[in-house]
Amino acid sequence: MKTQKKIYITISFILIAMTSFPVMAANNALIKNKVFDDRRKEIDTAVVVRKVNGLAMDENQDHFEVSPGEPTLEIECIVRTFVGMGTVDIGKLKQITVPIEAGHTYRLGAKLTPDGECTATIDLIR
């Protein structure tokens, strides 16, 4: 009987935790990386967050949640250019601090100067 009671308590705790998770997630903001367009064969750009407040991000992650405030993002702005028989990616790391509001979605972007310099941008989507 005691084992069954422990199981019910454990299941209850898990259910309570699962129902409270969406509330916690709604207090965060979502940031989406700018990825390369696979259909493009010529010049393209990508912007990838490498660290948030000093914590490394997973390389395969194309979006992530951030607490509201002014986090410091270490980003890599990458220019892909067609050279000879293939493409070359040239990346430059930069740290930016951006104001983030809870419940919003942001998308990273890039501006490319005529001399090939990549400058990251961040835009509010919704």
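Hydrophobic cluster membership for Val83: Val88, Ile90 (Ile, Leu, Val, Met, Phe, Trp, Tyr linked by side-chain heavy atoms under 4.5 Å, directly or transitively). With a 4.5 Å cut-off between side-chain heavy atoms of Ile, Leu, Val, Met, Phe, Trp and Tyr, the cluster of Val48 takes in Phe36, Ile78.
For Lys92, the salt bridge (Lys or Arg N to Asp or Glu O under 4.0 Å) partners at least two apart in sequence or on another chain are Glu117. Residues meeting the side chain to side chain donor-acceptor pair (under 3.5 Å) test with Thr97, sequence neighbours left out: Thr72. Here Glu76 pairs with Arg50 under the salt bridge (Lys or Arg N to Asp or Glu O under 4.0 Å) rule; sequence neighbours left out. In terms of the side chain to side chain donor-acceptor pair (under 3.5 Å) criterion, Asn53 has no residue partners (sequence neighbours excluded). Under the side chain to side chain contact (heavy atoms under 4.5 Å, CB included) criterion, Asp123 pairs with Thr121, not counting sequence neighbours. With sequence neighbours excluded, the residues that form a salt bridge (Lys or Arg N to Asp or Glu O under 4.0 Å) with Lys34 are Asp44.
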(message) Between Asn33 and Val49, does the side-chain contact (heavy atoms from CB on, under 4.5 Å) criterion hold? Intermediate values first, please.
(response) CA-CA 7 Å; Asn33 290 330; Val49 174; 3.6 Å; yes

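Sorted by first and then second residue, the disulfide bond (SG atoms under 2.5 Å apart) pairs involving residues 83-126 (not counting sequence neighbours) are Cys77-Cys118. Residue pairs satisfying the disulfide bond (SG atoms under 2.5 Å apart) criterion with at least one member in residues 84-114, sequence neighbours excluded, are absent.
At a threshold of 4.5 Å between non-hydrogen side-chain atoms, the residues Phe64 and Ile31 count as touching. Counting only heavy atoms from C-beta outward, the side chains of Lys51 and Leu73 never approach each other to under 4.5 Å. Between Ile43 and Val79, some side-chain heavy-atom pair lies under the 4.5 Å cut-off.
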In a table with atom names and distances, give each donor-acceptor pair under 3.5 Å that connects a side chain of residues 98-111 to protein atoms at least two apart or in another chain.
{"from": "Glu101", "atom 1": "OE1", "to": "His104", "atom 2": "NE2", "distance (Å)": "3.3"}
{"from": "His104", "atom 1": "ND1", "to": "Arg126", "atom 2": "O", "distance (Å)": "3.0"}
{"from": "Tyr106", "atom 1": "OH", "to": "Glu101", "atom 2": "N", "distance (Å)": "2.9"}

Taking only distance into account, with no hydrogens and no angle test, what donor-acceptor pairs under 3.5 Å do side-chain atoms of residues 54-63 form with protein atoms, sequence neighbours excluded?
{"from": "Asp58", "atom 1": "OD1", "to": "Asn60", "atom 2": "N", "distance (Å)": "3.4"}
{"from": "Gln61", "atom 1": "NE2", "to": "His63", "atom 2": "O", "distance (Å)": "3.2"}

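Separation of atoms OG1 (Thr45) and CG (Leu112) is listed at 6.5 Å; rounding is to 0.5 Å.
Hydrophobic clustering (side-chain heavy atoms under 4.5 Å, transitive across Ile, Leu, Val, Met, Phe, Trp, Tyr) groups Ile75 together with Leu124.
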